[in-house]
Amino acid sequence: MELVRIATTGSVDDGKSTLIGRLLYDTKQIFEDQLEAVEDASKRRGTDYVDLALLTDGLRAEREQGITIDVAYRYFATPRRKFILADTPGHIQYTRNMVTGSSTANIALILVDARNGVLEQTRRHSFLASLLGVPHLVLCVNKMDLVDWSQEQYESVVEDFRDFARRLDIHDLRFVPVSALEGDNIVDRSTNMDWYHGPTVLDLLEDIHIGSDHNMIDVRFPVQYVVRPHRRDFPDYRGYAGKVAGGLMKPGDEVMVLPSGFTSSIKSIDTFDGELTEAGPPTSVVLTLEDDIDVSRGDMICRPHNQPRSSQDIDAMICWMSDQSALQPGRKYSIKHTTRWGRAMIKDLQYRLDINTLHRDSSASQLSLNEIGRVTLRTTTPFFFDSYRRNRETGSFVLVDEANNNTLAAGLITGEAA
Amino acid sequence: MSYDHLTALESEAIHIIREAVAESERPVLLFSGGKDSAVVLRLAVKAFWPARLPFPVMHVDTGHNFDEVISFRDRTIEQLEAQLIVASVQEAIDQGRVVEETGPRASRNRLQTESLLTAIDKHRFDMVFGGARRDEEKARAKERVFSFRDEFGQWDPKNQRPEVWSAYNARIRVGEHIRCFPISNWTEMDIWQYIEVENIELPSVYFSHTRRVFERDGMLMAESPYLQATNEEEVAEAVVRFRTVGDMTCTGAFESRASSVSEIIAEVAATRITERGASRADDRTAEAAMEDRKKEGYF
């Protein structure tokens with residue numbers, strides 16, 4: 001079984017809860033006691049229907065206010081794949097939540113109402129999925145039952161969306177006409193739309209090839225922890241623990257350690273279960289090297305002829321996630337990139353992006369909660385990075401408040417600043 | 001069936017555990033003797049091999065545990081040559097720090113929070129590993145992998161740190177700590193499949209056995225010195241097993257003939273009731289029972 005991460009977004013009106021409810025119910029992931037609890041709660045609240053959103057709204061404040069505040073993670077499996085579904089609310093705090101849910105997703109599932117077509121929020125959600133580098137986007141054209149299962153209506157929505165998507169960086173785009181309420185083309189094939197011969201939503205989730213979602217070319221190994229057992233049976237063992245962030249590593253490969261620039265070769269790739277003949281992302285391993293060189297946490301192991309950028313000046317898109325402060329030029333923050341910490345100063349806010357219109361406002365003087373903009377950073381120490389487009393692990397960072405340690409922002413590296 | 005998903009989940013969990021240890025001064029692993037903490041312990045051992053476990057293991061002991069679980073705990077810790085710290089609820093009661101509930105439904109479950117927080121304070125732990133999973137309960141579904149606790153040990157669900165990619169933020173001030181949940185993304189089924197492929201030993205109460213039980217709230221409660229049947233409740237022998245293992249006063253059994261891990265996997269695949277719904281009295285007190293306990297500092 002392959003592990004696949006999905007991010008869904010949309011508002012209640014799009015039928016997102018119904019769609020998720022369908023997926024979970026039709027794949028038999030909703031248990032009787034959960035369903036009874038939701039039925040009871042719906043009755044007590046006096047709603048006419050069983051409100052499946054109550055399944056995901058886990059916090060008291062969410063149930064009281066009838067809104068989803070935070071990303072909820074749901075799990076379901078078919079015989080072929082196990083899915084982790086990040087269910088992100090479409091209205092409140094949508095940017096912060098969508099960035100969180102999309103940051104690790106293989107597939108973004110976006111809903112539109114067939115009657116309304118592509119709306120501002122559809123564009124917003126699609127832009128965020130594309131910005132966060134989600135490799136596959138599935139647009140579910142929902143409520144087909146309310147447009148008489150019209151092929152013409154479906155195709156006009158598809159055409160509109162394709163038009164808009166040309167402005168985004170989306171590699172793999174799929175469309176499915178569905179009715180989440182009636183269950184058409186979610187898990188079971190629709191009998192109402194014989195003009196549609198493509199896959200159902202679950203077919204797509206099961207079939208989309210995710211094997212090449214990771215960067216398998218550029219070897220990147222951020223060192224997490226130095227393993228020194230001090231045991232009689234391993235007297236001189238010195239290993240470098242980490243998760244492969246890119247490329248394929250093999251014993252015998254020549255490697256370089258940054259920032260020192262020392263070179264050596266891989267002696268072994270160790271795990272508790274034995275040595276590996278190769279390791280690629282996102283596997284956690286321990287490397288041993290042929291030479292006794294200085295390597296510590298925060299260092300980056302790569303190939304001598306394929307190194308990441310090494311610089312203290314970084315261009316990045318920033319998603320600001322804090323309501324207690326705003327990003328302003330001149331401010332200093334802690335920065336964490338892979339396993340390396342440093343300090344960063346905001347040299348310049350180039351523009352703030354209106355995520356509905358993609359308009360760039362270069363007169364903006366700050367970024368507040370849920371705003372996205374392009375900045376230039378200067379860091380106290382060099383970082384070893386790739387562009388986010390090339391590698392989501394080595395191309396991303398977070399900014400942290402130096403006083404109270406809260407995580408303030410997600411950063412997506414565009415490149416080295418000029 | 002192939003187990004690629006377990007390899008991916010294992011790598012994620014090992015990365016989380018290493019990150020937590022690298023970013024903290026005094027980590028500790030909470031070990032109840034249950035299946036989830038047994039899996040976290042195995043993952044922690046794997047994360048640092050060939051070095052030994054670089055932190056102690058702590059058990060919050062209500063004094064109302066199954067004997068089988070306590071002997072399993074001691075055996076496991078001895079095999080790993082790890083250090084065991086026991087935070088005793090009995091001691092907290094004796095010292096008057098907490099007051100024991102009374103009546104036929106008395107449970108020490110909630111009292112564990114005080115013993116846990118006192119121990120964290122005493123040992124100055126700043127990183128506390130737990131085996132909570134997001135699929136087991138709806139408040140837990142909203143919790144971060146690195147979950148910040150203030151100086152009172154409290155969780156504030158409305159003010160959680162955003163958690164993007166695998167960039168975990170463990171930075172804290174003195175007196176605060178992080179609860180770290182490496183198996184957040186695992187389901188009950190993943191846990192059992194992992195136990196099967198890794199051949200992880202578990203307390204015998206997870207497997208089918210004969211026991212004297214009585215029915216209460218639709219669950220079969222084990223007769224014990226800590227929990228007595230009332231006059232209306234009839235005690236009888238039954239062939240049962242436990243789906244979760246907590247304190248004897250709040251963990252229910254159910255009738256089962258599953259006596260091996262593979263039989264349990266088949267049973268879990270067929271069941272239509274969640275594990276906490278089936279076996280935990282502590283979650284039945286209110287719709288937000290878990291959330292309320294977590295805010296107070298419960299695991």
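Every chain is numbered from 1, with letters handed out A, B, ... down the list of sequences. The structure presented is a predicted model; accordingly, all values stated were derived computationally and were not measured.
Chosen from B/M189, B/E198, B/R52, B/E176, the residue pairing most often with chain A at heavy-atom distances under 4.5 Å is B/R52. Among A/D233, A/N406, A/L408, the residue with the largest count of heavy-atom pairs under 4.5 Å with chain B is A/N406. Of the listed residues B/N169, B/V21, B/D135, the one with more heavy-atom pairs under 4.5 angstrom with chain A than any other is B/N169. Heavy-atom pairs under 4.5 Å with chain A peak, among B/E23, B/E12, B/E10, at B/E23. Here A/G411 is the residue among A/G101, A/A105, A/S334, A/G411 with the most heavy-atom pairs under 4.5 Å with chain B.
Only the backbone of A/T271 comes within contact range of chain B, with at least one heavy atom under 4.5 Å from a heavy atom of that chain. Heavy atoms closer than 4.5 Å to chain B are found in the side chain of A/F234, but not in its backbone. Of the atoms belonging to A/D273, it is side-chain heavy atoms, and not backbone ones, that fall under 4.5 Å from chain B. With a threshold of 4.5 angstrom between heavy atoms, B/E143 does not approach chain A through any atom at all. If you measure heavy-atom distances from B/E163 to chain A, the contacts under 4.5 Å come from the backbone alone. Interface remark: A/V226 contributes no atoms to any contact with chain B (heavy atom separation under 4.5 Å). In this structure, chain A has no heavy atom under 4.5 Å from any part of B/R133. Using a 4.5 Å cut-off between heavy atoms, A/L132 contacts chain B through its side chain alone, with no backbone atom that close. With a threshold of 4.5 angstrom between heavy atoms, B/T7 does not approach chain A through any atom at all. Heavy atoms closer than 4.5 Å to chain B are found nowhere in A/A245, neither backbone nor side chain. The part of A/V227 that comes within reach of chain B is its side chain, from C-beta onward, which places non-hydrogen atoms under 4.5 angstrom from that chain.
Contacts of A/Y240 classified as ring-ring contact (aromatic ring centres under 6.0 Å, His included), with partners at least two apart in sequence or in another chain: none.
Using a cutoff of 4.0 Å between basic side-chain nitrogens and carboxylate oxygens, A/K82 and B/D4 are not scored as salt-bridged. Using a cut-off of 4.0 Å between Lys/Arg side-chain N and Asp/Glu carboxylate O, B/E19 and A/K243 are scored as not salt-bridged.
Within the model, atoms CG of A/L412 and CH2 of B/W165 stand 4.0 Å from one another, a figure rounded to the nearest 0.5 Å. In this structure, CD1 on A/I84 lies 10.5 Å from NE2 on B/H5, to the nearest 0.5 angstrom. A/Y75 OH to B/R134 CZ: the interatomic distance, rounded to the nearest 0.5 Å, is 5.0 Å.
In this structure, B/P50 and A/R231 approach most closely via the heavy-atom pair O-NH1, 3.0 Å. Across all their heavy atoms, B/I14 and A/S284 have their closest contact at CG2-CB, 3.8 Å.
Not a single donor-acceptor pair under 3.5 Å links the side chain of B/R18 to the backbone N or O of A/A241. With A/Q224 contributing its side chain and B/H15 its backbone, the two residues share a donor-acceptor pair below 3.5 Å.
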